[in-house]
Amino acid sequence: MSMSLGRRLLLAFYSALLWLLVPVTLYHLVWRGLRQREYLLRWSERYAQLDALPDLPPGALWVHAVSVGEVNAAIPLINALRERHPGRPLLITTITPTGSARVRSLWGDDVHHVYLPYDLRGMVRRFLDRVRPALAVVIETELWPNLFVACARADVPVVIANARLSERSLRGYRWMGPLIRLALSGVRRVAAQSEADAARFRVLAGDGARIEVTGNLKFDQPLPRASLDEAVGWRKAGGGRPIWVAASTHADEEAAVLDAHQRLREAHPDALLLWAPRHPERFDAVANRVRGAGLDLRRRSVERSPDARCAVFLIDSLGELPGFLAAGDVAFVGGSLCDIGGHNLLEPAALGVPVLSGPHTFNFAEITALLKEVGALEIVGDAAQLAAAVQWLVEHPEKARARGRAGRQRIDRERGALQRTLAVIDDVAGFPRP
């Protein structure tokens, strides 16, 4: 990959700035580690020390998925790659410990896993020299200039799969326009979730970028039969009472969720909330908040299941959310009452559960519109509206089931992204079609 003098200077300036920020990365790891101990571990991977990196034979398949949401989105793709290329090692990198834990829970030692090193030239070069991948598949939106340029120089084709880019992210990236265009120049293909995502990537990448719409891999998630079977057990443990789920909530919306549950229990004193905070460091804070409100609490990590007296069951575990979602009469998806941009609305909808969300869903604008169009999703603005919506759905079970069916059927019609994405990967990597 040849570069003009201007581009080389731009990359050098970016790299120098990152070196100045290395002490900040140490502070960040320590600060996060005070809340989540896993951030204090495995630093050698983040700084690409050779003894921490897997020594793979040439030709490995490498998938980068930053955290839990991206790992979950990549499940059908990773399973398909393993099936189609059984002779190639498969490496999965993440950035967060929760993403790492999700990789281990899904595939164990059947795949290789490390944290992705910081985007410094020496680190990414050591990483690529050690791993020697045949292909890099980056899930959704991770744009790293040094990494992508190093891949291009090492003739490692990069595909951004399931690519999404919100209007807010576009505005954030545009002030770094030349640097982001440089990064995207090292990408062979962008496989976008929607035409709107593709259009925003074209704004960033400029002329000549190869961008196509392949659809959202999350539509191709197999319906988790085990989760549906688990749901029967969770409902039995709940005592056959009204059950709702609050999934992927953030600190700024915890008070609203708790207030909504207390309002609901005024009409249905036996109502049960299954609560899954987005980040593990919030587990204890949520537990303290529930106890402070005088509600009976059980925790997945301690009592394992709710009992008849339990008002709130805290899902302080990873990888078990689908079973609890399927057990609910209705699911609220967090990151949406606060200005986060929302989280995965497809998971409860695919399970046939009616979905509630706050108004801030800009990270999933197209999915929000799709589910609203068929009546599977209702937007609420505060705790009072959330409580009222949950109460209406538990008091009208036939209409709630109709909403759930509508969402599941709409998702079924959208499947097909996996095969289109695999075709892009085969084309870029030069793999023979099966």
Side-chain angles (χ1 to χ4, degrees), residues 6-7 10-11 13-14 17-18 21 64-67 69-70 73-74 95-96 116 119 136-149 151-152 158-219 248 250 278 333-346 357-373 377 379 414 417 420-421 424:
R7 285 189 160 193
L10 178 63
L11 199 61
F13 175 78
Y14 166 75
L17 181 61
L18 285 189
L21 293 175
H64 175 62
V66 60
S67 193
E70 290 78 8
I95 288 178
T96 68
L116 183 71
D119 195 38
V137 180
V138 178
I139 304 298
E140 295 196 355
T141 315
E142 286 280 289
L143 307 179
W144 297 111
N146 276 324
L147 180 63
F148 287 1
V149 168
C151 284
V158 176
V159 174
I160 302 180
N162 214 45
R164 67 181 177 94
L165 189 67
S166 68
E167 284 288 353
R168 171 182 280 194
S169 296
L170 175 60
R171 290 193 297 270
Y173 279 125
R174 287 187 77 172
W175 74 272
M176 302 185 295
L179 186 62
I180 296 303
R181 279 194 294 277
L182 175 58
L184 288 171
S185 70
V187 175
R188 297 280 183 91
R189 199 80 57 86
V190 176
Q193 292 186 16
S194 70
E195 185 53 53
D197 291 304
R200 288 189 280 267
F201 267 101
R202 291 185 188 106
V203 171
L204 280 185
D207 297 334
R210 296 201 62 183
I211 300 168
E212 60 187 87
V213 178
T214 52
N216 193 330
L217 287 171
K218 291 179 180 178
F219 287 117
S248 299
H250 289 252
R278 179 70 176 180
V333 179
S336 57
L337 283 176
C338 54
D339 197 21
I340 298 294
H343 291 299
N344 183 12
L345 300 167
L346 292 178
S357 170
H360 303 288
T361 59
F362 52 81
N363 285 331
F364 297 88
E366 288 77 20
I367 294 171
T368 299
L370 182 148
L371 293 178
K372 283 177 65 178
E373 178 185 334
L377 171 67
I379 302 297
E414 292 291 326
R420 291 188 288 270
T421 303
V424 168

(request) Apply salt bridge (charged side-chain N to carboxylate O under 4.0 Å, His left out) to E373 and list each qualifying residue two or more places apart in sequence or on a separate chain. (result) none
(request) State plainly whether the residues R202 and E195 are in salt-bridge range, i.e. N to O under 4.0 Å. (result) yes
(request) First locate atom CG of L346, then atom CZ of F219, and finally report the distance between them rounded to the nearest 0.5 Å. (result) 4.5 Å
(message) When you compare the side chain of T141 with that of Y173, does any pair of heavy atoms fall below 4.5 Å?
(response) yes
(request) Could you tell me which residues satisfy ring pair (Phe, Tyr, Trp, His ring centres under 6.0 Å) with H250, sequence neighbours excluded, listed by chain and number? (result) H279, H343
(request) Could you list all the salt bridge (charged side-chain N to carboxylate O under 4.0 Å, His left out) pairs where at least one residue sits in residues 176-185, not counting sequence neighbours? (result) none
(message) Rounded at 0.5 Å granularity, tell me how far CZ in R171 sits from OG in S166.
(response) 7.5 Å
(request) Determine, stepwise, if the pair V138 / F148 fulfils side-chain contact (heavy atoms from CB on, under 4.5 Å). (result) CA-CA 10 Å; V138 178; F148 287 1; 4.1 Å; yes
(request) Verify, without hydrogens or angle tests, whether N216 (side chain) and Q193 (backbone) share a donor-acceptor contact under 3.5 angstrom. (result) no
Indicate every side-chain donor-acceptor pair of residues 357-364 with a distance under 3.5 Å to a residue at least two apart or in another chain.
residue : atom : partner : partner atom : Å
S357    : OG   : S336    : OG           : 3.4
T361    : OG1  : T368    : OG1          : 3.2
N363    : ND2  : I340    : O            : 3.1

(request) Any chance you could measure R188, atom CZ, to C151, atom SG, to the nearest 0.5 Å? (result) 10.0 Å
(message) Using the side-chain hydrogen bond (donor to acceptor under 3.5 Å, both in side chains) criterion, which residues pair with R174? Sequence neighbours excluded.
(response) none
(request) Using salt bridge (charged side-chain N to carboxylate O under 4.0 Å, His left out) as the criterion, list what pairs up with R168, not counting sequence neighbours. (result) D339
(message) Can you tell me how far apart CD1 (I160) and CD (E140) are? Round to the nearest 0.5 Å.
(response) 11.5 Å
(request) Would you mind reporting whether R420 and V213 have side-chain heavy atoms less than 4.5 Å apart? (result) no
(request) Provide the closest heavy-atom pair for L179 versus P145 in the form atom of the first, atom of the second, distance. (result) CG-CG, 3.8 Å
(request) Answer whether the closest heavy-atom distance between the side chains of E167 and R200 falls below 4.5 Å. (result) yes
(message) Return the CG to CG distance between L170 and L204, rounded to the nearest 0.5 Å.
(response) 5.0 Å
(request) Nearest 0.5 Å please: distance from the CG atom of L182 over to the CE atom of M176. (result) 12.0 Å
(request) Please examine the side chains of L116 and L147, heavy atoms only from C-beta on, and report whether any two atoms are closer than 4.5 Å. (result) yes
(request) Determine yes or no for a side-chain-to-main-chain donor-acceptor pair under 3.5 angstrom, with N162 supplying the side chain and I139 the backbone. (result) no
(message) Do Y14 and L18 have side chains that approach each other closer than 4.5 Å (heavy atoms only, starting at C-beta)?
(response) yes
